[in-house]
Amino acid sequence: IAQAGAGPAEATPHVVKDPAPVEPDNLWDRVSHELSWQHIDNARIDEQRKALLRQPNYLEVISERAHYYLFQIVEEVTARDMPMEIALIPVVESTLDPFAYSYSGAAGLWQIMPRTGRHLGLMQNSWYDGRQSLRHSTDGALDYLQFHGEETPSFCGSFGLPVIRAFSPLAVEGLQAIEEYRETAE
């Protein structure tokens, strides 16, 4: 809008175009740009975060292992149009260690129980355990989450706490706190 005494050049509105989207420089930037869950000020979440960070070299170990495994997981999650948070389940469950075993018998990156692994078609014998295979366990885990996610609507699109609980009991407290926060914020 031209003001009194303003010349014709000053009357022309200045249009600023949105900058082109910037491609992330690395995989961690890509993941963080696609996360949709917000930071929640919650004592239970803070305690879990602190417990992880108290582990010596935790971030170094995760970063090193991510070079081998996280890209494939992120690509699969993206191809299936699933929330990026799903790609971080193996970080919490196994610290991205495909040879991780729990005292309860869960194994691999996704910490899949033996019976669940058989249900998902993951071969398990004395020579091979498909739960330790990046490709096979990721396909099985994401198939499982997609199948059960369609049955369990919740705050994160079609992925609910019962579905995530199958793979990430450690993260459930944090996810429940997020859900409680969102319910009180509405």
Side-chain angles (χ1 to χ4, degrees), residues 18-42 45-102 106-112 116-117 120 122 129-149 154-161 163-175 177-179 182:
D18 288 336
V22 176
E23 287 296 318
D25 291 332
N26 64 51
L27 184 59
W28 289 114
D29 287 343
R30 177 180 171 193
V31 169
S32 68
H33 283 113
E34 294 185 35
L35 295 176
S36 60
W37 294 341
Q38 302 170 0
H39 172 73
I40 306 299
D41 187 23
N42 181 284
I45 295 172
D46 288 341
E47 187 55 39
Q48 290 296 321
R49 182 182 57 78
K50 288 175 186 174
L52 288 174
L53 294 176
R54 276 193 299 263
Q55 297 178 25
N57 303 321
Y58 176 75
L59 294 177
E60 289 177 38
V61 169
I62 293 298
S63 294
E64 181 62 31
R65 291 178 183 166
H67 288 291
Y68 302 108
Y69 309 111
L70 192 58
F71 178 78
Q72 177 70 28
I73 295 168
V74 167
E75 287 292 302
E76 282 297 314
V77 166
T78 301
R80 293 171 183 241
D81 197 31
M82 297 172 80
M84 187 55 67
E85 288 77 4
I86 299 296
L88 298 179
I89 290 174
V91 172
V92 173
E93 285 299 303
S94 68
T95 59
L96 289 173
D97 181 359
F99 303 108
Y101 271 92
S102 74
L109 293 164
W110 294 89
Q111 288 295 283
I112 298 172
T116 304
L120 295 172
L122 300 175
D129 189 342
R131 298 174 300 160
Q132 294 178 317
S133 163
L134 170 62
R135 190 179 98 218
H136 295 130
S137 68
T138 298
D139 285 345
L142 297 182
D143 287 348
Y144 183 91
L145 289 168
Q146 279 187 309
F147 176 78
H148 290 288
S154 183
F155 67 90
C156 187
S158 61
F159 296 90
L161 288 174
V163 174
I164 303 230
R165 185 181 322 252
F167 286 99
S168 190
L170 178 64
V172 168
E173 275 196 16
L175 298 176
I178 291 169
E179 187 169 44
R182 289 192 175 174

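These numbers were taken from a predicted model, which means no experiment stands behind them. Just the heavy atoms: all of them, side chains too, but no hydrogens, waters or symmetry mates, feed the values below.
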Q) Nearest 0.5 Å, what's the CG-NE2 distance between L27 and H67? A) 9.5 Å
Q: For the pair Q132 and F99, evaluate side-chain contact (heavy atoms from CB on, under 4.5 Å) and give the outcome as yes or no after the intermediate values.
A: CA-CA 6 Å; Q132 294 178 317; F99 303 108; 3.6 Å; yes
(Q) V91 vs Y69, test: side-chain contact (heavy atoms from CB on, under 4.5 Å). Steps then yes/no. (A) CA-CA 10 Å; V91 172; Y69 309 111; over 6 Å; no
Q. What heavy-atom pair brings S94 and G108 nearest, and what distance separates the two atoms?
A. CB-O, 3.4 Å
Q) Atom CD1 in I89, atom CG in L96: separation rounded to 0.5 Å? A) 12.0 Å
Q) So which heavy atom on D143 is nearest to which on R80, and how close? A) OD1-NH1, 2.8 Å
Q. Going from NE2 on H33 to CE on M84, what distance comes out if it is rounded to the nearest 0.5 angstrom?
A. 12.0 Å
Q: Work out which heavy atom in I112 is nearest to a heavy atom in R131; give both atom names and the distance.
A: O-NH1, 2.9 Å
Q.
Could you report the tightest heavy-atom contact between P90 and I73, atom names first, then the distance?
A. CG-CD1, 3.9 Å
Q. Should E34 and V74 be marked as a side-chain contact (heavy atoms from CB on, under 4.5 Å) after you check the CA-CA gap, both sets of side-chain angles, and the distance that decides it?
A. CA-CA 10 Å; E34 294 185 35; V74 167; 5.8 Å; no
Q.
If you compare all heavy atoms of M82 against all heavy atoms of L145, which two are closest, and at what distance to 0.1 Å?
A. CE-CB, 3.8 Å
Q. Listed by chain and number, what are the side chain to side chain donor-acceptor pair (under 3.5 Å) partners of Y58, not counting sequence neighbours?
A. none
Q. With sequence neighbours excluded, what pairs up with S32 under the side chain to side chain donor-acceptor pair (under 3.5 Å) test?
A. none
Q. What distance separates E76 CD from D139 CG, expressed to the nearest 0.5 Å?
A. 5.0 Å
(Q) I need the F71 CZ to L134 CG distance, nearest 0.5 Å. (A) 11.5 Å
**Q.** With R54 via side chain to side chain donor-acceptor pair (under 3.5 Å) - residues at least two apart
**A.** E47
Q. How far apart are the closest heavy atoms of P83 and V77, and which atoms are they?
A. O-CG1, 3.5 Å
Q.
Pair Y101, D129 - check side-chain contact (heavy atoms from CB on, under 4.5 Å), show working.
A. CA-CA 12 Å; Y101 271 92; D129 189 342; 3.1 Å; yes
Q | Rounded distance [0.5 Å steps], CG in L109 versus OG1 in T95 | A | 9.0 Å
